[in-house]
2 protein chains.
Amino acid sequence: MKATEIPERMSSRGRRLTRQRVLVAEALASAKRALSAQELYERIKTSHPTLGRATVYRALEAQVQDGMASRFERDGHVSAYIACDAEHHHHLVCTRCQRVLDLDETVVAPLLSSVGRRHEFQVDHAALDFYGLCRRCRRKRP
Amino acid sequence: MKATEIPERMSSRGRRLTRQRVLVAEALASAKRALSAQELYERIKTSHPTLGRATVYRALEAQVQDGMASRFERDGHVSAYIACDAEHHHHLVCTRCQRVLDLDETVVAPLLSSVGRRHEFQVDHAALDFYGLCRRCRRKRP
DNA sequence: GCTCTCATGAGATTGGGTCTCAACCTAGGG
DNA sequence: CCCTAGGTTGAGACCCAATCTCATGAGAGC
């Protein structure tokens, strides 16, 4: 997501546009990898020392609800967040370098329909996250 | 996994066969659904009050390492465990009645390999959750 | 400006999970 | 059958991510 569209996206749902929420959104949008709430908190705190931890959690939750970010698990017990655009809601997460790749959505559509058919379940949306090693880390392999 | 094969599986890797580990393995094997460590602890504790919490975590970790159980995330923050032969790693969540159905795992394997191939990504595990309407709710009303 | 709310910050609290360590018990050798 | 070595246990302290509380602060419409 481009930094310039953050304000409009944020206020489009009747949410108030606060300095803190913009900061969180910008920090996430400019991140090269998935970040935990704690990491975001610490990053922003260096330039805005009064920021509260709970505010970061609330801002992230709002972004997830509004489709500006998505959450998944890292290391089995920490939530990590990444900014997302409308097209890519599923991810390949490298468990070594933490890099997040977007899953080619054309793979997903047939899956949704086949799952729906087999289980007589009308799938509205899905959360698909794949964990493993990216190409780069696979080569280094210890 | 059948209860009778638990002891041999457990001692096959040089692990000691203790009463507590057998209890955890049996409780997990007889469970109809995925259970958290806490839930297992409470279940076993009713009949064996001296059982320690840490022991349950250690036993589950050992089972995961030995391929007798697998772990995945539930509700975003809680680890849940299931005996390995059972195939309930992914879910269909009904957004109306909140019922959770288990996804037929045979759908998943081909997906993992196709995703891996397309993105040159070595998939270790995945978190797949599908949201929509279950058969029952679908019949009632749109 | 005014005011109505929603949002924030600081710290307390919750709760899953891990660590510590003395006591205990399994497995294997004699 | 006994003995020993070393893995295992139980209890509680501890860790830390995440949530809750509530007085204070600040968007946004009027």
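Side chains included, hydrogens not; waters and symmetry mates left out as well; all remaining heavy atoms used. Since the model is a prediction, treat every value here as computed from it, not as a measurement. Numbers restart at 1 for each chain; the letters A, B, ... are given by sequence-line order, proteins then strands.
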Considering all heavy atoms, the nearest A83(A)-L28(A) contact: N-CG, 3.6 Å
Rounded to whole Å, the CG-P distance (L17(B) to dG28(C)) equals 11 Å
State, to 0.1 Å, how close A34(A) and I82(A) come at their nearest heavy-atom pair, and which atoms those are. N-CD1, 4.3 Å
Between the protein and nucleotides 21-23 of chain C, list the N/O to N/O atom pairs that are separated by less than 3.5 angstrom.
none

Enter the distance from L133(B):CG to L92(B):CG here, rounded to the nearest 0.5 Å. 12.0 Å
Once you apply a heavy-atom cut-off of 4.0 Å, does R19(A) come out as touching a base, just sugar-phosphate, or nothing? nothing
In whole angstroms, the gap separating P of dG16(C) from CZ of R71(B) amounts to 15 Å
Separation of H90(A) NE2 from D104(A) CG (nearest 0.5 Å): 11.0 Å
What's the CD-P distance between E42(B) and dG17(C), to the nearest Å? 12 Å
Report the residue (A54(B) or T18(B)) whose heavy-atom-nearest nucleotide on DNA chain C is the more 5′ of the two. A54(B)
What is the distance from OH of Y41(B) to C1' of dG16(C), rounded to the nearest Å? 13 Å
Angle by which the axis turns from one end of the helix from dG1(C)-dC30(D) to dG30(C)-dC1(D) to the other, five pairs per end, to 10 degrees: 40°
Option from V107(B), V115(B), V108(B) for which side chain to side chain contact (heavy atoms under 4.5 Å, CB included) with L111(A) holds: V107(B)
Rounded to the nearest 0.5 Å, how far apart are OG of S30(A) and CG of L35(A)? 8.5 Å
Let me confirm one number: the CD-CD distance from Q65(A) to Q63(A), rounded to the nearest 0.5 Å. 11.0 Å
Taken to the nearest whole Å, CG/L51(B) to C1'/dC24(C) is 15 Å
Between R16(A) (CZ) and dC4(C) (P), how many Å, whole number? 12 Å
Can you check whether R135(B) reaches H119(A) side chain to side chain, under 4.5 Å on heavy atoms? no
From L40(A) atom CG to Y81(A) atom OH, the distance as rounded to the nearest 0.5 Å: 9.0 Å
Fit a plane to each ring of H125(B) and Y131(A), take the angle between them on a 0 to 90° scale, and name the class: parallel (under 30°), tilted (30 to 60°) or perpendicular (over 60°). parallel
Where does the chain A footprint on DNA chain D start and end, counting 5' to 3' with a 4.0 Å heavy-atom cut-off? dA17(D) to dA28(D)
Got a second to check how far D66(A)'s CG is from R21(A)'s CZ, nearest 0.5 Å? 9.0 Å
